[in-house]
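Chain letters run A, B, ... following the sequence lines, proteins first, then strands; residues in each count from 1.
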Amino acid sequence: MPLVLTNTLSGRKEPLVARQAGGVRLYWCGVTVYSRSHVGHARALVTADVLCRYLRARGLAVTFVRNFTDIDDKIIRRAAEVGIPAAELAEREIHAFGEDVAWLRCLPPTHEPRATAHIPAMLALIERLIGAGFAYPVADGSVYFRVRRFASYGKLSHRRLDDMETGEEIDAAKESPHDFALWKGAKPGEPSWPSPWGAGRPGWHIECSAMATEYLGQPFEIHGGGSDLVFPHHENEIAQSEADAGVPFADLWVHNGMITRGEEKMSKSLGNILSIADVAARAPAEALRLLFLGTHYRTPLDFSVTRLDESGRALGRLYEALARADEAAGGAPPAIALDGALADPVTGFLAEFCAAMDDDLNAARGLGLVFDRVRELNRLLDAGDRAAATDIRRELAVVGAATGLFAEPPAEFLESVRRRGQERAGLSAAEIESAIAARNDARRRKDFREADAIRERLREQGILLEDGPSGTIWKAG
RNA sequence: GGCGGCGUACCCAAGUGGCUAAGGGAGAGGUCUGCAAAACCUCCAUGCACCGGUUCGAAUCCGGUCGCCGCCUCCA
């Protein structure tokens, strides 16, 4: 059964069909680099990452392009506020983005083009559109797309021009309020590039049309982004690219749902932003990924630190089981090569997992299977069945590779959680160890009152003790 | 006003016509333990916003009502 994805274009689930032998092409809209990325960006990044990972795990080669919008009104405005050139601000934010995306453990795209590095391709596209009557220059050096000339305008967002509300028309130079800028004539002091229509800079949408086509050709298989990009951004990309080439731009349009905070969309204008860096200070990256994966990618997700912490607890349970399995096997975690790891799952758990993921990337259903599998793993470990446990451990590693989960060696993951808890408790490892020694001493003397008091004191500081067959261990609460 | 989506247990959430409505978090009881913790076992929605309808059969399809959200302006 092939993978189906909900195509915004049709509103239905449609099979992914490779147009070329051996692989598919994926373009995902990246970020405008003018401030630190937030949890909403993280969800889009992780959605694309899981899609890309899963496709590769299934044996498809994926050419994955994610762009940087590194010139735009917001960048210019912000740069002016900070008092540095726009290009410098963009550079700085691209670097910060790199840290965030690395923390998220997203696979690097095949290509990560910047708008400002592709101005000639945009100019060429705009010239062709003017030549074909789909665009027109105006007096101030701007060029607009003539929306009414493109008959199927609105097909992605399912709206008709006549039904749309239009805000106040500021730019009287436009023929129609719906026309959008392909090129913006430069105002004094703004960064600009030369063009046949005078100095200016590209409009927002044109970069994706130009870069997607340059790296992927047209048509290509999948174009994605946040659902807030459906209109106007993706609608306009389609208009530009299809008016120019006369063939479809992309086959499948995939959009992830928004992150909300208390039922309201998280956005800068509402001031309810939580940055990726904020989350990183509180939880491991995979806790956030697990939280995302627990809700279908198209559904809005209400983010809260409570839910983040819950996911962190669930993640800890998962890693505990993996660590037990590795310890029982007496070795390092299994090494999994992502490409083709799920190309031919025969039966059982992995086949069920694929069935869930093949159905519009239903990772939430897949996760349910994972938790069931982990319970089985613990059961086998309790029973001392190492061989069967090792098999399951390997399956979980495969699923981990395909979803970006379980990327850390479990022992190291748990150690880092311990270290975090220890720092929070303000105790040194030696202090904890000596408390444990004192408690075990008391236990040997059957002075359980004293032993329990020591344990309780540590618990109040966030350090939990567990007495196991191989002695007493501690972890963070 | 136009378009799209949502309303499932204490919280989150899967589920798109038919076995006992996944899974996670929290909670309760049990096994284990000096006692705990962890792990495991058991329990936790005769019901899926509400009202009608179609059907042998609906959380799932149709109609209506109520509530919530997103897009229509920059937005992942």
* To do: Please figure out whether A:Ile259 or A:Glu466 has its closest RNA chain B nucleotide nearer the 5' end.
  =>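 The residue whose closest nucleotide sits nearer the 5' end is A:Glu466.
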
* Asked: Just by protein heavy atoms under 4.0 Å, how would nucleotides 2-19 of chain B read 5' to 3' in B, S and -?
  -> BS--------SSSS----

How would you label the contact of [X] with the nucleic acid (heavy atoms, under 4.0 Å): base, sugar-phosphate, or nothing?
X        : value
A:Asp452 : base
A:Gly40  : base
A:Ile473 : nothing
A:Asp73  : nothing
A:Leu464 : nothing
A:Gly30  : sugar-phosphate

* **Parallel, tilted or perpendicular, as decided by the 30° and 60° cut-offs, for the rings of A:Phe180 and A:Phe145** =>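 Ring orientation of A:Phe145 relative to A:Phe180: parallel.
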
* Could you tell me whether A:Arg105 and A:Asp49 have a side-chain N and a carboxylate O separated by less than 4.0 Å? =>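 Salt bridge between A:Arg105 and A:Asp49, a charged N being under 4.0 Å from a carboxylate O: no.
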
Provide, to the nearest angstrom, the distance between the [atom1] atom belonging to [X] and the [atom2] atom belonging to [N].
X        : N     : atom1 : atom2 : result
A:Glu327 : B:A39 : CD    : C1'   : 14 Å
A:Asp228 : B:C69 : CG    : P     : 17 Å
A:Asn378 : B:G24 : CG    : P     : 12 Å

* Flag yes if more than 12 heavy atoms outside A:Arg386 fall under 6.0 Å of its CZ atom; otherwise flag no. =>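 It does not: A:Arg386 CZ has 12 such atoms or fewer within range.
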
* Asked: Have A:Arg375 and A:Asn378 got a donor and an acceptor in their side chains that come within less than 3.5 Å?
  ->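 No, no side-chain donor-acceptor pair sits under 3.5 Å.
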
* Using distance alone, with no hydrogens and no angle criterion, decide if A:His95 and A:Glu91 have a side-chain donor and acceptor under 3.5 Å apart. =>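 Their side chains do not contain a donor-acceptor pair, so the 3.5 Å distance test is not met.
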
* Could you give me the CA-CA distance, side-chain angles and deciding distance for A:Thr116 and A:Arg114, then say whether side-chain hydrogen bond (donor to acceptor under 3.5 Å, both in side chains) is met? => CA-CA 6 Å; A:Thr116 56; A:Arg114 304 177 183 197; over 6 Å; no

* From the options B:C74, B:C40, B:G25, select the nucleotide whose nearest atom is closest to the side chain of A:Asp382. =>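 Out of B:C74, B:C40, B:G25, the nucleotide with an atom closest to A:Asp382's side chain is B:C40.
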
* Asked: Can a donor-acceptor pair under 3.5 Å be found between the side-chain atoms of A:Arg455 and the base atoms of B:C35?
  ->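 Looking at the base of B:C35, it does pair with a donor or acceptor on the side chain of A:Arg455 (distance under 3.5 Å).
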
* Asked: Is the base of B:C74 touched by the side chain of A:Asp72 through a donor-acceptor pair closer than 3.5 angstrom?
  ->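 Checked by distance alone, the answer is no.
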
* Asked: Contacts to RNA chain B from residues 435-450 of chain A, heavy-atom cutoff under 4.0 Å, which residues?
  ->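 The stretch gives A:Arg439, A:Arg443, A:Phe448 as the residues lying under 4.0 Å from the strand, ordered by number.
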
* Would you say A:Asn256 reaches B:A76's phosphate, i.e. side-chain N/O to OP1/OP2 under 4.0 Å? ->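 Looking at the OP1 and OP2 atoms of B:A76, neither is under 4.0 Å from any side-chain N or O of A:Asn256.
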
* **B:G25 phosphate, OP1 or OP2, under 4.0 Å from A:Arg317 side-chain N/O** =>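 Answer is yes, contact under 4.0 Å.
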
* Structure fact -> For RNA chain B, the dot-bracket notation using Watson-Crick and G-U wobble pairs below 3.5 Å, [ ] for pseudoknot-type crossings and | for other-strand pairs, is ((((((((.[[[..)..(....]]].(((((.......))))).....[[[[[..)....]]]]])))))))....

* Which salt bridge (Lys or Arg N to Asp or Glu O under 4.0 Å) pairs, counting each pair once, include a residue from residues 146-158 of chain A, with sequence neighbours left out? ->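 Those involving residues 146-158 of chain A are A:Arg146-A:Glu175, A:Arg148-A:Asp162, A:Lys155-A:Glu242.
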
* How would you list, by chain and number, every residue that makes a side chain to side chain donor-acceptor pair (under 3.5 Å) with A:Arg12, sequence neighbours excluded? ->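 None.
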
* What residues form a ring pair (Phe, Tyr, Trp, His ring centres under 6.0 Å) with A:Phe303, not counting sequence neighbours? ->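 Once residues adjacent in sequence are excluded, A:Phe303 has no partner under the ring pair (Phe, Tyr, Trp, His ring centres under 6.0 Å) criterion.
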
